[in-house]
Amino acid sequence: MLTDRQNKFVERLLELSKDDSVVTYKERVYLTRCINDLKYGMKFQDAINGLNLSLQGLVERKKKPLTKELDVVSKELIEIYGEPDYRALNSLPNNSSVLNGEMPLF
């Protein structure tokens, strides 16, 4: 069960993941993966960690910053929950979309 603060972040992620939002396609893919991981029972901290690691990798590969709205949310998540850590991925289940690159449907 998520806290009120976590639920507010999930609502913001859901809003950003909509087709008519300002985020890029690839950002939307990572947002959707995070939302699906939460929906299927992953711990909030692990899902957010995976999202932030994916977003950092996207920025490094594309050499472009995140869209403004997503960057604000990402920075708030990092401020509250800490910097993402690859070591935390060891605790994820093998069927996590963060690890296998699949994006389950809603």
Side-chain angles (χ1 to χ4, degrees):
M1 187 167 208
L2 300 177
T3 66
D4 287 341
R5 183 183 350 186
Q6 291 170 336
N7 278 319
K8 288 179 183 175
F9 275 116
V10 171
E11 288 174 19
R12 291 172 72 188
L13 297 178
L14 283 167
E15 193 64 35
L16 286 172
S17 70
K18 290 182 179 177
D19 287 337
D20 62 348
S21 75
V22 297
V23 299
T24 66
Y25 170 77
K26 201 63 169 175
E27 290 170 341
R28 188 173 295 111
V29 167
Y30 293 136
L31 285 166
T32 304
R33 284 181 184 171
C34 178
I35 292 164
N36 282 334
D37 284 340
L38 289 168
K39 182 178 178 180
Y40 294 112
M42 182 182 285
K43 292 190 305 185
F44 184 82
Q45 182 74 31
D46 292 340
I48 294 305
N49 188 52
L51 173 63
N52 280 321
L53 287 171
S54 295
L55 294 175
Q56 283 181 353
L58 180 64
V59 168
E60 290 172 11
R61 286 188 310 278
K62 298 288 184 180
K63 306 291 187 223
K64 289 173 46 180
L66 297 173
T67 54
K68 181 181 172 185
E69 292 80 355
L70 184 55
D71 189 48
V72 168
V73 173
S74 178
K75 286 179 180 174
E76 288 176 12
L77 287 167
I78 290 171
E79 182 179 315
I80 294 168
Y81 297 102
E83 287 288 332
D85 185 357
Y86 285 101
R87 291 173 291 187
L89 291 178
N90 292 332
S91 68
L92 296 178
N94 288 335
N95 64 350
S96 168
S97 65
V98 173
L99 297 178
N100 66 23
E102 294 177 8
M103 189 170 71
L105 300 175
F106 283 100

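Note that this is a predicted model, so its numbers are computed, not measured.
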>> Applying salt bridge (charged side-chain N to carboxylate O under 4.0 Å, His left out), can you list everything that pairs with Glu69, at least two apart in sequence or on another chain?
In response: none

>> For a 4.5 angstrom cut-off between non-hydrogen side-chain atoms, does Glu83 reach Asn52?
In response: no

> For Met42 and Leu38, which heavy atoms make the closest approach, and how far apart are they?
Replying inline: O-CD2, 3.8 Å

> Phe44 vs Phe9 aromatic rings, parallel, tilted or perpendicular, using cut-offs 30° and 60°?
Replying inline: tilted

> Is the count of non-hydrogen atoms from other residues, nucleotides or ligands lying under 6.0 Å from Arg5 atom CZ greater than 12?
Replying inline: no

> Roughly how far apart are Thr24 OG1 and Lys62 NZ, rounded to 0.5 Å?
Replying inline: 8.0 Å

>> Just to verify, what does Lys75 make a salt bridge (charged side-chain N to carboxylate O under 4.0 Å, His left out) with, not counting sequence neighbours?
In response: Asp71

>> Keeping Arg33 on the side-chain end and Leu51 on the backbone end, is there a donor-acceptor pair under 3.5 Å?
In response: no

> Which atom pair, heavy atoms only, marks the closest approach of Cys34 to Ala47?
Replying inline: SG-O, 3.6 Å

>> For the CD1 atom of Ile78 and the OH atom of Tyr81, what is their distance to the nearest 0.5 Å?
In response: 13.0 Å

>> Please determine whether residues Tyr30 and Val59 belong to a single hydrophobic cluster, defined as Ile, Leu, Val, Met, Phe, Trp and Tyr linked transitively by side-chain heavy-atom distances below 4.5 Å.
In response: yes

> With hydrophobic residues grouped by side-chain heavy-atom distances under 4.5 Å, do Leu2 and Val73 end up in a single group?
Replying inline: yes

> Which distance, rounded to the nearest 0.5 Å, do you find between the OG of Ser21 and the CG of Leu14?
Replying inline: 11.0 Å

> Do the side chains of Val23 and Val72 join up, straight or via other hydrophobic residues, at under 4.5 Å, putting them in one cluster?
Replying inline: no

>> If the condition is side-chain hydrogen bond (donor to acceptor under 3.5 Å, both in side chains), which residues does Lys18 pass it with, not counting sequence neighbours?
In response: Glu15

>> Could you measure the distance from the CD atom of Glu76 to the NZ atom of Lys8? Nearest 0.5 Å is fine.
In response: 12.0 Å

> Is Leu13 linked to Ile80 within one hydrophobic cluster, defined over Ile, Leu, Val, Met, Phe, Trp and Tyr using a side-chain heavy-atom separation of less than 4.5 Å?
Replying inline: yes

> Atom CD1 in Ile48, atom CG in Leu53: separation rounded to 0.5 Å?
Replying inline: 11.0 Å

> Is the backbone N or O of Leu66 less than 3.5 Å from a side-chain atom of Glu27, with the two atoms forming a donor-acceptor pair by type?
Replying inline: no

>> Within this structure, what is the NZ-CD distance for the pair Lys43 and Gln6, rounded to the nearest 0.5 Å?
In response: 11.5 Å

